[in-house]
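Notes follow the structure.
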Amino acid sequence: VTFNTIFLNALFILASMFFSILIAIALSEISGKYFKKTTQSIVILPHFISWTVIAMLCEALLKTNNGFVNNILVALGFERINFYQNADVWPALLTILRIWQGAGWASIMYTAALATGFDQEMYEAARVDGATRGQCIRYLTLPLLKTTAVMLFIMNIGKIFNGDFGMIYNLVGTNSMLYRTTDVIDTYVYRMLVESTNVGQSSAVSLWQSIMGFITVMFANWVTKKADPDSAMF
């Protein structure tokens, strides 16, 4: 469960950060005011959908017999996949769901950094000098987002030992066939309390989880301070 917690959170952090920055850059490149606001509202909307509702949608989409995904696979000539008995596909599924649910909301921070810290005159000067849109993004926009990205990365690293209980439990539940790749520390502690009522062991695991999270934050900040002191949190 420790490996699953770290591995899944690493996937979530890296994938969400990448797509959040991508969304923020895409929104910054949109010129139409109303179209930009509408697009931003659409990408943020999934954040307000509970994991219980998402789990129900996933069950309808991923059912073996009449699921939407399996119907498409059959139409394309592939075999059906029993998603709820195949643990190997769930890290990718969970990552996709996390991106869909959270990347738009996380992009707000990057969008705000672009809106408050970007000098439009520098952008226009680069265009006059012949820079393409891609070069402007690479040499102006991305460096501007670096400090915000590093700060959010360190904050997320601090939660790398905390599994998303609401997400995992709603999507996986008590399906023991998926525990091999989806069981995280939080769901493990909950299951220990429910099944064995071992409060002492559950408390010990939770304490160890908190201590490791603190050590991880300190280590990530130390590495960042060595590499780029301006990007460190303290």
Side-chain angles (χ1 to χ4, degrees), residues 1-20 46-64 67 69 81-106 152-223 233:
V1 296
T2 299
F3 173 80
N4 287 340
T5 305
I6 297 174
F7 178 68
L8 289 175
N9 278 330
L11 289 177
F12 296 161
I13 291 171
L14 295 176
S16 296
M17 179 175 290
F18 174 79
F19 281 97
S20 297
H47 174 76
F48 300 99
I49 302 177
S50 71
W51 284 115
T52 305
V53 176
I54 295 174
M56 295 173 63
L57 293 173
C58 283
E59 186 176 354
L61 292 172
L62 303 178
K63 285 191 297 186
T64 304
V69 175
I81 300 175
N82 194 334
F83 289 98
Y84 288 95
Q85 293 183 11
N86 188 352
D88 293 329
V89 303
W90 277 87
L93 285 175
L94 292 174
T95 303
I96 292 171
L97 290 172
R98 173 56 69 88
I99 292 169
W100 175 78
Q101 196 258 2
W105 177 260
L152 293 177
F153 178 75
I154 295 174
M155 293 174 64
N156 287 326
I157 282 292
K159 298 183 291 184
I160 199 168
F161 280 88
N162 292 343
D164 192 334
F165 176 82
M167 175 187 185
I168 303 295
Y169 190 77
N170 276 293
L171 291 169
V172 177
T174 56
N175 187 347
S176 59
M177 300 186 71
L178 304 181
Y179 286 167
R180 180 169 59 84
T181 59
T182 62
D183 198 20
V184 294
I185 294 175
D186 297 75
T187 54
Y188 175 73
V189 170
Y190 173 78
R191 200 164 60 252
M192 278 199 302
L193 284 171
V194 171
E195 296 177 358
S196 64
T197 64
N198 192 336
V199 178
Q201 187 175 359
S202 301
S203 301
V205 173
S206 298
L207 177 61
W208 174 80
Q209 181 184 32
S210 301
I211 292 173
M212 292 305 297
F214 174 75
I215 293 173
T216 306
V217 170
M218 298 300 294
F219 177 74
N221 186 76
W222 177 78
V223 172
M233 292 181 64

(message) According to salt bridge (charged side-chain N to carboxylate O under 4.0 Å, His left out), does anything in residues 152-176 pair up with another residue at least two apart or in another chain? List the pairs.
(response) Arg98-Asp164
(request) Starting at CG of Leu178, measure out to CG of Asp88 and round the result to the nearest 0.5 Å. (result) 10.0 Å
N/O donor-acceptor pairs under 3.5 Å from side chains in residues 48-60, not counting sequence neighbours:
residue, atom, partner, partner atom, Å
Ser50, OG, Val53, N, 3.4
Thr52, OG1, Asn170, OD1, 3.2

(request) Nearest 0.5 Å please: distance from the CH2 atom of Trp90 over to the OG1 atom of Thr95. (result) 11.5 Å
(request) Step by step, work out the side chain to side chain contact (heavy atoms under 4.5 Å, CB included) result for Val205 and Val1. (result) CA-CA 11 Å; Val205 173; Val1 296; over 6 Å; no
(message) Please report the interatomic distance CD1(Ile168) to CG(Leu8), rounded to the nearest 0.5 Å.
(response) 5.5 Å
(message) Any side-chain to backbone donor/acceptor pair from Thr187 onto Asp183? Under 3.5 Å, distance only.
(response) no
(message) Just verifying a value: how many Å separate Leu93 CG and Leu62 CG, rounded to the nearest 0.5 Å?
(response) 6.0 Å
(message) Looking at Thr181 and Ala87, would you say the former's side chain and the latter's main chain have a donor-acceptor pair under 3.5 Å?
(response) yes
(message) Less than 4.5 Å apart, side chain to side chain, heavy atoms only: is that true for Ile160 and Met212?
(response) no
(message) For Phe153, is the CZ atom crowded, meaning more than 12 foreign heavy atoms sit under 6.0 Å from it?
(response) no
(request) Determine the minimum heavy-atom distance between Gln101 and Pro46, stating which atoms define it. (result) CG-O, 3.5 Å
(message) Side chains of Phe12 and Leu94, heavy atoms from C-beta outward: is any pair under 4.5 Å?
(response) yes
(request) Indicate yes or no for a side-chain donor-acceptor contact from Thr5 to the backbone of Ile185 under 3.5 Å, with no hydrogens or angles considered. (result) yes
(request) Would you check if Tyr84 and Val89 make a side-chain contact, meaning some heavy-atom pair closer than 4.5 Å? (result) no
(message) Working to the nearest 0.5 angstrom, can you tell me the gap between Thr216 OG1 and Ile211 CD1?
(response) 11.5 Å
(message) Going by side-chain hydrogen bond (donor to acceptor under 3.5 Å, both in side chains), name the residues that satisfy it together with Gln209, two or more places apart in sequence or in a different chain.
(response) Asn162, Asp186
(request) Quick one: list whatever passes ring pair (Phe, Tyr, Trp, His ring centres under 6.0 Å) with Trp222, sequence neighbours left out. (result) none
(request) May I ask you to decide if the ring planes of Trp208 and Phe161 are parallel, tilted or perpendicular, using 30° and 60° as cut-offs? (result) perpendicular
(message) Tyr190: which residues meet the side chain to side chain contact (heavy atoms under 4.5 Å, CB included) condition with it, sequence neighbours left out?
(response) Phe165, Tyr169, Val194
(request) Check for a donor-acceptor pair, side chain of Ser20 on one end and backbone N or O of Ala103 on the other, with a separation under 3.5 Å. (result) yes
(request) Apply side-chain hydrogen bond (donor to acceptor under 3.5 Å, both in side chains) to Asn175 and list each qualifying residue two or more places apart in sequence or on a separate chain. (result) none
(message) I'd like to know if the side chain of Asn156 reaches the main chain of Leu152, judged simply by a donor and an acceptor atom lying under 3.5 Å from each other, with no hydrogens or angles considered.
(response) yes
